[in-house]
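Report on the following structure.
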Amino acid sequence: HFYMYFDYCLYYVDHSYVFPLYEQIIINFIQFIIPYFTIIIANRNPFRYKLIYLKGFFFYNINMKTLKRRCSMRKVVCINNDWTFTKQGVQALVSLPHTWNATDGQDGGNDYYRGKCLYERTISLNQESLEGEVWIEFRGAATVTTVYLNGHEIGVHEGGYSTFRFNLTHFAKVGDNELRVEVDNSYTRKVYPQKADFTFYGGIYRDVYLIEVPKEHFALDEYGSLGIQVSTTVGETEKDGLVTVRVDVNKPDQTVEILVRTLEGDVLGEKSVKLEGTSGTVSVPVSGISLWDGIKSPKLYEVRAVLQNSKDIVDLRFGFRTFHFDSEKGFFLNGKSYPLAGVAKHQDREGVGSAVTKEQIREDLEIIREMGANTIRAAHYQHDQAFYDLADELGFIVWAEIPYITEHMPEANENSQQQMSELILQNSHHPSIVTWALSNEITATSGVTEDLVNNHEKLNELCHQLDSSRPTS
């Protein structure tokens, strides 16, 4: 039973790990030559384990409690390949990320195609997948996205820059399932942006994932967040801290365990709490921390949240830091003056439009850092998670905002508030972000109106309600 448990856990470890081919060959060879003898190779990576099983005697280098924390029942699979794309009756086989405006959206003519296009592909599911729930996650599709599975409409998302998900379980079946995604970047007064000095690229221009979770899991329908929100407080000595985790789950009265650890896997603090209802807050004190200190030392940590019954696991990186703005002396990071020198960055690149790769995002940030900048305004919308992750890693200060820009549209007030909720709940754990921006040049075409002012007041209140640690701009 002990051996079987290890074998089971190794299959699910970190929901993405696969042993390299050479290790599989070695293991299989030893098992063939010496029955009942198994060696799992280990090194210093905390997600690799060693187990020696020999005629009932066990030697292992990791305790069972720690191993259980690392055995996630969540499975995440990228499905970027094998999409059939249809535009105005013409079909082509494409891989994601993809935009249909990579060429006409960059020629300066402002006459690029704005309309509806179609993406289709088959997804295969087994019985094990449907014993829990199956969700589809889009990291970015512009601008209005309607998802169908096996001919049934699953949901509609309005907004072109944030992560969103739909639950496929109800209409999914064992075997092949037909997935149809309609994406539309036509003009509409219900969704921002509609008027600005940049291209509103159409397409599924970021990654798409299938997520299989157990029946009891962290909430996947909370404005595209992972179901946890992380905030920190730094002690007076700057070596002690408090990590506060807001948890949302899909079923009530779950027991959740929170671990705070280094990126190398060393646990700094942990706490288990039984939730009352479907949400709650867990605070974990830690000591011996290092601060996230911008370009100089962008130290990061990780929160791991575990549902004890179902073994659903969510990880988020974060950092400890303090900051404030002074109207005369400027910006301060960790109590010290930190002059800001930076750029405004859009997400597109020549030849690919908005369908940039993670490697291209990294190259952009490395160029910005090379030129001496330490600050980036993420213009003028929510960027890919890869951008914020890299900003954390490289130590940039980030100004984050929604595409509430140029023209105020009263019909889209609710959409602006939705996009702000998505921006904050998906990104509040990033130490690089220091402000939430409400709008940009919003009076350019319509001037100041009472409705415009009221919407800004609502957005400002929403920001401080969702995140009291950052100012708005």
Side-chain angles (χ1 to χ4, degrees), residues 225 228-246 258-264 266-271 281-304 315-342 365 369 373-378 385 387-401 420 423-438 460-473:
S225 76
I228 66 173
Q229 307 295 318
V230 179
S231 59
T232 62
T233 304
V234 177
E236 293 183 3
T237 65
E238 295 189 346
K239 290 296 182 181
D240 300 320
L242 183 69
V243 180
T244 301
V245 183
R246 158 82 184 200
I258 300 296
L259 293 88
V260 179
R261 60 189 191 180
T262 66
L263 298 188
E264 294 73 33
D266 298 324
V267 177
L268 304 180
E270 58 185 298
K271 190 174 183 179
T281 301
V282 184
S283 295
V284 182
V286 295
S287 59
I289 64 172
S290 298
L291 299 183
W292 186 90
D293 204 21
I295 297 291
K296 177 182 177 183
S297 179
K299 179 67 175 179
L300 295 172
Y301 295 88
E302 184 179 66
V303 158
R304 167 157 286 195
D315 296 329
L316 272 185
R317 297 191 314 177
F318 70 97
F320 295 94
R321 53 96 176 96
T322 63
F323 71 89
H324 70 275
F325 293 90
D326 186 286
S327 60
E328 296 181 354
K329 299 179 180 179
F331 180 74
F332 285 74
L333 180 64
N334 299 323
K336 300 177 183 179
S337 176
Y338 195 88
L340 303 180
L365 267 62
R369 183 169 176 176
N374 63 6
T375 308
I376 300 175
R377 179 182 184 182
Q385 274 300 316
F387 165 79
Y388 300 108
D389 288 341
L390 286 169
D392 291 343
E393 292 175 15
L394 297 175
F396 283 105
I397 300 298
V398 172
W399 164 308
E401 61 189 54
M420 183 62 79
L423 175 68
I424 294 175
L425 293 179
Q426 293 174 28
N427 296 287
S428 61
H429 60 284
H430 290 289
S432 57
I433 297 176
V434 299
T435 185
W436 308 115
L438 307 184
N460 192 57
E461 182 180 352
L462 177 64
C463 289
H464 294 296
Q465 175 186 337
L466 295 176
D467 177 18
S468 59
S469 69
R470 293 177 175 91
T472 53
S473 48

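Residue numbers start at 1 and run along the sequence shown.
- Leu438 and Cys463 get closest at one heavy-atom pair: CD2-SG, 3.7 Å.
- In this structure, Thr375 and Phe396 approach most closely via the heavy-atom pair N-CD2, 3.9 Å.
- Val398 and Ala391 make their closest contact through CG2-CB, 3.7 Å (heavy atoms, listed as atom of the first residue, atom of the second, distance).
- A distance of 11.5 Å separates CG in Asn460 from CD in Gln465, rounded to the nearest 0.5 Å.
- Side-chain atoms of Leu300 and Phe318, non-hydrogen and from C-beta on, never get closer than 4.5 Å to each other.
- The nearest pair of heavy atoms linking Gly319 to Pro431 is N-CG, 3.8 Å.
- Taken from CD in Glu461 to CG in Leu466, the straight-line distance is 10.5 Å, to the nearest 0.5 Å.
- Under the 3.5 Å distance criterion, the side-chain polar atoms of Asn427 are matched with a main-chain donor or acceptor of Leu423.
- The side chain to side chain contact (heavy atoms under 4.5 Å, CB included) search around Lys239 returns Thr237, not counting sequence neighbours.
- Here the two rings, on His430 and Tyr388, have centers that are under 6.0 Å apart.
- Rounding to the nearest 0.5 angstrom, the gap separating the CG atom in Leu268 from the CG atom in Leu259 is 10.0 Å.
- For the atom pair CG of Leu365 and CG of Leu394, the computed distance is 6.0 Å after rounding to the nearest 0.5 Å.
- By the salt bridge (charged side-chain N to carboxylate O under 4.0 Å, His left out) test, Asp389 pairs with no residue at all, sequence neighbours left out.
- In this structure Lys329 satisfies the side chain to side chain contact (heavy atoms under 4.5 Å, CB included) test together with Asp326, Phe332, sequence neighbours excluded.
- With sequence neighbours left out, Arg246 forms a salt bridge (charged side-chain N to carboxylate O under 4.0 Å, His left out) with Asp248.
- Taking Glu393 as the reference, Arg317, Arg362 meet the side chain to side chain donor-acceptor pair (under 3.5 Å) condition, with sequence neighbours excluded.
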May I have the list of side-chain donor-acceptor pairs in residues 287-299 shorter than 3.5 Å, sequence neighbours left out?
residue	atom	partner	partner atom	Å
Trp292	NE1	Asp392	O	2.9
Asp293	OD1	Asn334	ND2	2.9

CA sep, side-chain torsions, deciding dist, call: Leu242, Val286, side chain to side chain contact (heavy atoms under 4.5 Å, CB included): CA-CA 6 Å; Leu242 183 69; Val286 295; over 6 Å; no
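- Residues satisfying the ring-ring contact (aromatic ring centres under 6.0 Å, His included) criterion with Tyr301, sequence neighbours excluded, are Phe320.
- Not counting sequence neighbours, the partners of Ser473 by the side chain to side chain contact (heavy atoms under 4.5 Å, CB included) test are Trp399, Thr435, Ala437.
- Among residues two or more places apart in sequence or in another chain, the side chain to side chain contact (heavy atoms under 4.5 Å, CB included) test is passed with Ile258 by Val245, Val247, Val256, Val282, Val284, Val303, Ala305.
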Ile397 and Tyr338: CA distance, side-chain angles, deciding distance, side chain to side chain contact (heavy atoms under 4.5 Å, CB included) verdict: CA-CA 10 Å; Ile397 300 298; Tyr338 195 88; 3.9 Å; yes
Evaluation steps, side chain to side chain contact (heavy atoms under 4.5 Å, CB included), between Val243 and Val230: CA-CA 7 Å; Val243 180; Val230 179; 4.0 Å; yes
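- Judged as a side chain to side chain donor-acceptor pair (under 3.5 Å), and not counting sequence neighbours, the contacts of Ser428 are Gln229.
- A donor-acceptor contact shorter than 3.5 Å is absent between the side chain of Arg369 and the backbone of Asn374.
- The two residues Phe323 and Pro471 have their closest heavy-atom pair at CE1-CD, 3.9 Å.
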Check against salt bridge (Lys or Arg N to Asp or Glu O under 4.0 Å), Glu270 and Arg261: CA-CA 9 Å; Glu270 58 185 298; Arg261 60 189 191 180; over 6 Å; no
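- Smallest separation of non-hydrogen atoms from Ala400 and Ile433: CB-CG2, 4.1 Å.
- Applying the salt bridge (charged side-chain N to carboxylate O under 4.0 Å, His left out) rule to pairs touching residues 462-473 yields Asp467-Arg470, sequence neighbours excluded.
- Under the salt bridge (charged side-chain N to carboxylate O under 4.0 Å, His left out) criterion, Glu238 pairs with no residue at all, not counting sequence neighbours.
- How far CG of Leu263 is from CG of Asp315: 10.5 Å, rounded to the nearest 0.5 Å.
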Worked verdict on Thr281 versus Thr244 for side chain to side chain contact (heavy atoms under 4.5 Å, CB included): CA-CA 7 Å; Thr281 301; Thr244 301; 3.3 Å; yes
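- Between the CD atom of Glu401 and the OG1 atom of Thr472 there is a distance of 12.5 Å, given to the nearest 0.5 Å.
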